[in-house]
Amino acid sequence: MITAKARAVDGPHKPFRETEIQRRDLDLYDVLIEIKYAGICHSDIHTAHGEWGPVNYPLVPGHEIAGIVTDIGAEVSKYKVGDRVGVGCMVDSCGECENCKKGEEQYCHKGNIQTYAAVDKYGEITQGGYSTHIVVQEDFVLSIPENIKLEDAAPLLCAGITTFSPLNHWGAGPGKKVAVVGLGGLGHMAVKIAHAMGAEVTVLSQTLRKKDDGLKFGANSYYATSDPETFEKLAGTFDLIINTVSAKINLDAYLGTLNLNGTLVNVGAPAEPLSLSVMNLIGHRRSFAGSLIGGIRETQEMLDFCAEHDIAPEIEVISADQIDDAYERVLASDVRYRFVIDISTM
Ligand code: NAP
Ligand code: ZN
């Protein structure tokens, strides 16, 4: 067993504390990664607070992981010691179902094995990236391109792929009008990626507080959703809306801003159910959809796309002692735009 230092929570709204966790000895296809940076995703907060259902505590969150390979199993062929690698939201899947075979492991019929708070094939509860080391089988490890810094790579492994995948799937590109709701961790990546894909991008944020940033990230326009006139002005405008908001919003107001055949994709995952009036879909043949992270192949594509287009997240690097404060700031929408833990401070 490999002992790793980690930060864990013992229950909803409990502070993080120092701990040690055990990582399994390397199996044939396993890679041992010394973690250098771990991003803080709002999903970590939903999970740590038990909002999505019961959690086995103590919990070590973290699914935006970047580090260096320090050891490999006997049969590993994709990575060698010293490689710069990443791990995102999942660490395994059945590998045999239709979706796994298509490279859409996130939609595995048997359920993908999440990086933390899941039970893996060894019967162990998975623990995430707020820790110094992790062992992951090579098929779920990503290669980080040379020109992406490790601290910048971390948020791409969730915020990057979760926005890249629906933008890709629904064809964001030249001639397409894309709106991004919520300019947080996911939202700011959505703006940068959609802009790089060639789409015309609008940010819909609660206020105009971050307007300068949004325009700098590549948005063509920026509106405050607290202003009711916004929804009148934008009626029937967008081909695609990516909703990244972590809380319940009035979907009907946003659906009204979709053009004929437009789609509103929810990636934000609030615990409460959202409701909508089907009349808002029927009237303009609109769709309401969801999207979960992205497959491993697509995640590598996203990393290569970001490398090629010089796309990096805006990050604030924090020490391991600042995780509780960072959670408070994310909850207050006071994040610009992703907190990343420097694991050397652990
Ligand atoms: P985040 O950094 O907190 O960003 C969310 C943004 O939503 C905030 O910055 C804020 O933007 C806006 N917002 C927050 N509360 C709001 C409210 N009450 N009303 C309107 N807008 C509000 O969170 P994140 O890490 O980007 O994650 C966003 C959501 O995506 C979370 O629910 C997370 O669990 C989910 N997620 C889903 C997937 C997936 O695979 N589908 C993957 C990762 C994360 P403004 O200040 O600009 O309004
Ligand atoms: Zn995430």
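Each ligand, and each atom within it, is numbered from 1 in the order the structure gives.
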* Side-chain touch Ile72/Glu138, heavy atoms, less than 4.5 angstrom -> no
* **Best match, Gly214, Gly268, Ser246: closest heavy atom to atom 30 (O) of ligand 1** => Gly268
* **Exam field: side chain Thr115 to backbone Gly128, donor-acceptor pair closer than 3.5 Å** => no
* Any chance NZ of Lys110 has more than 12 other-residue heavy atoms, nucleotides or ligands included, within less than 6.0 Å? -> no
* Please answer whether the main-chain N or O of Gly182 pairs with a side-chain N or O of Ser205 as donor and acceptor at a distance below 3.5 Å. => no
* To do: Verify the ring-centre separation between Tyr130 and Tyr116: is it less than 6.0 angstrom?
  => no
* Asked: Which is it for Thr162 and ligand 1 at heavy atoms under 4.0 Å: side chain, backbone, both or neither?
  -> side chain
* What protein heavy atom sits nearest atom 32 (O) of ligand 1, and how far off is it? -> His46 NE2, 2.8 Å
* For atom 28 (C) of ligand 1, which protein heavy atom lies nearest, and how many Å away is it? -> Thr244 O, 2.9 Å
* To do: Report the member of His188, Gln206, His42 with the shortest heavy-atom distance to atom 20 (C) of ligand 1.
  => Gln206
* What atoms of ligand 1 come closer than 4.0 angstrom to any heavy atom of Leu292? -> 40 (O)
* Asked: Among pairs that include at least one residue of residues 249-284, which meet ring pair (Phe, Tyr, Trp, His ring centres under 6.0 Å), considering only residues two or more places apart or in two chains?
  -> Phe231-Tyr254
* Asked: How about the Zn ion (ligand 2), which protein N, O or S atoms come within less than 2.8 Å?
  -> Cys41 SG, His63 NE2, Cys158 SG
* Can you find an N or O of Tyr222 that's nearer than 3.5 Å to an N or O of ligand 1? -> no
* Where do Asp212 and Tyr222 land on the side-chain hydrogen bond (donor to acceptor under 3.5 Å, both in side chains) test, with the steps shown first? -> CA-CA 9 Å; Asp212 291 346; Tyr222 200 108; over 6 Å; no
* Measure the shortest side-chain to side-chain distance between Leu142 and Val87 over non-hydrogen atoms and say whether it is less than 4.5 angstrom. => no
* Asked: If we only count N/O pairs under 3.5 Å, is Cys158 in contact with ligand 1?
  -> no
* Taking atom 25 (O) of ligand 1 as the reference point, the nearest protein heavy atom with its distance -> Arg338 NH1, 2.6 Å
* ligand 1 contact by Trp52, heavy-atom criterion under 4.0 angstrom -> yes
* Which heavy atom of the protein is the closest neighbour of atom 11 (O) of ligand 1, given with residue, atom name and distance? -> Leu183 N, 3.3 Å
* Consider every N or O of Val267 and every N or O of ligand 1, then say whether any pair is closer than 3.5 Å. => yes
* Asked: Considering distance alone, does some N or O of Leu186 sit under 3.5 Å from an N or O of ligand 1?
  -> yes
* Backbone N or O of Glu200 within a donor-acceptor pair of the Asn220 side chain at under 3.5 Å? -> no
* Asked: Can any side-chain N or O of Asp27 pair as donor or acceptor with the backbone N or O of Gln137 at less than 3.5 Å?
  -> no
* To do: Provide the number and element of each atom of ligand 1 under 4.0 Å from a heavy atom of Ala247.
  => 17 (C), 18 (N)
* Looking only at atom types and distance, does a side-chain atom of Thr244 sit under 3.5 Å from a main-chain N or O of Val181, one as donor and one as acceptor? -> yes
* **ligand 1 to Tyr337 polar contact by distance, N or O atoms, under 3.5 Å** => no
* Asked: Which option out of Gly39, Gly184, Ala159 puts a heavy atom nearest to atom 4 (O) of ligand 1?
  -> Gly184
* Asked: Quick check: does Pro270 get an N/O under 3.5 Å from an N/O on ligand 1?
  -> no
* Structure fact -> Ranked by distance from atom 46 (O) of ligand 1, the top protein heavy atom is Lys210 NZ, 2.7 Å
* To do: For the pair Arg23 (side chain) and Thr3 (backbone), establish whether a donor and an acceptor sit closer than 3.5 Å, ignoring hydrogens and angles.
  => no
* To do: Please indicate whether any nitrogen or oxygen in Ala269 is less than 3.5 Å from any nitrogen or oxygen in ligand 1.
  => yes
* Sub-3.5 Å donor-acceptor pair from the side chain of Arg329 to the main-chain atoms of Arg336, do we have one? -> no
* To do: Output the list of atoms in ligand 1 that are nearer than 4.0 Å to some heavy atom of Ile293, sorted by atom number.
  => 39 (C), 40 (O)
* Within less than 4.0 angstrom of ligand 1, does Lys248 place any heavy atom? -> no
* With no hydrogens and no angle check, is any side-chain donor or acceptor of Arg286 less than 3.5 Å from a backbone partner on Leu258? -> yes
* N or O pair under 3.5 Å between Val245 and ligand 1 -> no
* Structure fact -> Ranked by distance from atom 44 (C) of ligand 1, the top protein heavy atom is Ser43 OG, 3.2 Å
* Ligand-residue contact atoms, ligand 1 with Ser205, heavy atoms, under 4.0 Å -> 45 (P), 46 (O), 47 (O), 48 (O)
* Asked: Are Phe16 and Tyr327 an aromatic pair by the rule of ring centers under 6.0 Å?
  -> yes
* Which residue owns the protein heavy atom closest to atom 14 (C) of ligand 1, what's the atom, and how far is it? -> Ser333 OG, 3.5 Å
* **Heavy-atom nearest neighbour in the protein, as seen from atom 2 (O) of ligand 1, with distance rounded to 0.1 Å** => Gly185 N, 2.9 Å
* Asked: Quick one: do the Ser165 and Glu298 side chains pair a donor with an acceptor below 3.5 Å?
  -> yes
* Using a 4.0 Å heavy-atom threshold (strictly under), name the region of Cys89 that reaches ligand 1: side chain, backbone, both or neither. => neither
* Taking only Lys NZ, Arg NE, NH1 and NH2, and the carboxylate oxygens of Asp or Glu, determine whether Lys192 and Glu314 approach each other closer than 4.0 Å. => yes
* Structure fact -> Paired with Leu167, the side-chain contact (heavy atoms from CB on, under 4.5 Å) test is passed by just one of Val265, Ile193, Val201, namely Ile193
* To do: Using atom types as modelled and distance alone, determine if a side-chain donor or acceptor of Lys36 lies under 3.5 Å from a backbone N or O of Ile343.
  => no
